[in-house]
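The structure under discussion appears below in the form of structure tokens.
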Amino acid sequence: MFRPALLRNVFLPLALIIFLALPAMAAETTAPSGEALQAEKPAPPQQAPANAAPRPAPERSGTVLGIEHDGKDALGAKLSFQLKELFGNSSRFSLSNNKSEARFKLLLSTQPEFADRPNLGSVYALVWVYSHGDNVLGYYLAMESGVINPEDVDGLAARIAEKTDGIAARYAFLKE
């Protein structure tokens, strides 16, 4: 039985707590140990042949979009992958992880609904932001939160893609 009071009193505050904790979680970094530094030696750069022509930068078609996922649950990872696949195959969007580029960002945070049964369901929270670059404060555009189960991942990904398209159309003037 669906209870709106449960959604309003439990899941919405949970989603807000998750998003308020994101900057603190992003600030936490661990320094790699000396052994890890020795094990991760970068490969020598490959040199292009002297007679090779420089490659032109790829043309971007559509709205530039970045998808950032925070969470370690399987359903959240599946939802993030589905979104990246949908937007990657779309002619209306161009995925980019270039933080210095102006783009719409979809921030996805997920965690298991029940800690004892992580594959049963996940709580998710989405925030749509427009950012002119990494060093510029982004514009908050919209948010959504809810609960997802394994059977609903594809449908939710399609609904998020549709909502993202509407948000990108409504706030297209920000790209100018």
Side-chain angles (χ1 to χ4, degrees), residues 1-4 6-8 10-26 28 57-134 138-172 174-175:
M1 179 178 194
F2 179 72
R3 296 182 182 156
L6 180 68
L7 180 64
R8 183 175 52 247
V10 175
F11 295 118
L12 188 57
L14 179 63
L16 292 174
I17 289 170
I18 290 171
F19 280 111
L20 291 175
L22 281 178
M25 288 188 286
E28 292 179 15
E59 292 251 345
R60 294 209 184 267
S61 62
T63 303
V64 180
L65 177 72
I67 298 175
E68 298 177 17
H69 175 240
D70 180 44
K72 294 186 170 122
D73 59 316
L75 287 175
K78 184 177 179 182
L79 177 60
S80 174
F81 180 77
Q82 286 281 41
L83 288 170
K84 289 177 183 177
E85 187 176 340
L86 276 173
F87 289 118
N89 294 332
S90 171
S91 62
R92 295 182 55 91
F93 290 94
S94 174
L95 287 178
S96 172
N97 287 330
N98 184 355
K99 294 186 186 294
S100 63
E101 183 177 27
R103 64 193 171 128
F104 286 92
K105 291 195 298 187
L106 183 68
L107 307 174
L108 172 64
S109 179
T110 60
Q111 67 181 32
E113 184 178 13
F114 302 106
D116 297 339
R117 299 177 289 179
N119 294 326
L120 186 61
S122 287
V123 178
Y124 72 92
L126 287 163
V127 176
W128 284 266
V129 177
Y130 183 78
S131 175
H132 285 286
D134 196 28
Y139 295 99
Y140 168 85
L141 305 175
M143 79 151 304
E144 177 180 321
S145 62
V147 179
I148 183 77
N149 59 35
E151 296 82 31
D152 297 337
V153 173
D154 294 334
L156 178 62
R159 192 171 54 77
I160 291 170
E162 182 180 345
K163 186 171 182 176
T164 303
D165 187 38
I167 289 170
R170 182 180 320 136
Y171 294 103
L174 292 172
K175 296 188 293 186

(request) Could you tell me the separation between the CG atom of L86 and the CD atom of E162, rounded to the nearest 0.5 Å? (result) 11.5 Å
(request) Measure the CD-CD1 distance between E85 and I67 for me, rounded to the nearest 0.5 Å. (result) 11.0 Å
(request) Can you see which heavy atom on S96 is nearest to which on E101, and at what distance? (result) OG-OE1, 2.5 Å
(message) Y139: which residues meet the ring pair (Phe, Tyr, Trp, His ring centres under 6.0 Å) condition with it, sequence neighbours left out?
(response) H132
(request) Mind checking the CG-NZ spacing from L141 to K105? Nearest 0.5 Å is all I need. (result) 11.0 Å
(message) Using every non-hydrogen atom in the two residues, find where S122 and G76 come nearest and quote the distance to one decimal.
(response) OG-N, 4.2 Å
(message) Whether the side chain of T164 engages the backbone of I160 through a donor-acceptor N/O pair (distance < 3.5 Å, no angle test) should be reported.
(response) yes
(request) Please tell me if the side chains of S145 and V123 come closer than 4.5 Å, counting only heavy atoms from C-beta onward. (result) no
(message) Taking atom NZ as the centre, does K99 end up with more than 12 heavy-atom neighbours from other residues, nucleotides or ligands that are less than 6.0 angstrom away?
(response) no
(message) Restricting to side-chain contact (heavy atoms from CB on, under 4.5 Å), what partner residues turn up for A168, sequence neighbours left out?
(response) T63, F93, F104
(request) Looking only at non-hydrogen atoms, find the nearest pair between N98 and S100 and report the distance. (result) OD1-OG, 2.8 Å
(request) Not counting sequence neighbours, which residues clear side-chain contact (heavy atoms from CB on, under 4.5 Å) with D152? List them please. (result) I148, N149
(message) Main chain of D165, side chain of R92: is a donor-acceptor contact present, judged purely on distance under 3.5 Å?
(response) no
(request) With side chain to side chain contact (heavy atoms under 4.5 Å, CB included) as the test, would you mind laying out the steps for E113 and L120 before giving the verdict? (result) CA-CA 7 Å; E113 184 178 13; L120 186 61; 5.5 Å; no
(request) First locate atom CG of L174, then atom CZ of R103, and finally report the distance between them rounded to the nearest 0.5 Å. (result) 15.0 Å
(request) Grab the two heavy atoms, one from H69 and one from A77, that are nearest each other, plus how far apart they are. (result) CE1-N, 3.8 Å
(message) Just verifying a value: how many Å separate L65 CG and W128 CH2, rounded to the nearest 0.5 Å?
(response) 10.5 Å
(message) So which atom in L83 and which in A157 form the shortest heavy-atom distance, rounded to 0.1 Å?
(response) CD2-O, 3.6 Å
(request) Mind checking the NZ-CG spacing from K84 to L108? Nearest 0.5 Å is all I need. (result) 9.0 Å
(request) For side chain to side chain contact (heavy atoms under 4.5 Å, CB included), just list the numbers for L75 and T110, CA-CA rounded to whole Å, side-chain angles, deciding distance to a tenth of an Å, and then say yes or no. (result) CA-CA 8 Å; L75 287 175; T110 60; over 6 Å; no
(message) On a heavy-atom basis, which atom in K163 and which in M143 lie closest, and how many Å separate them?
(response) NZ-O, 3.9 Å
(message) Evaluate Y130 against K175 for side chain to side chain contact (heavy atoms under 4.5 Å, CB included), listing each step before the verdict.
(response) CA-CA 9 Å; Y130 183 78; K175 296 188 293 186; 3.8 Å; yes
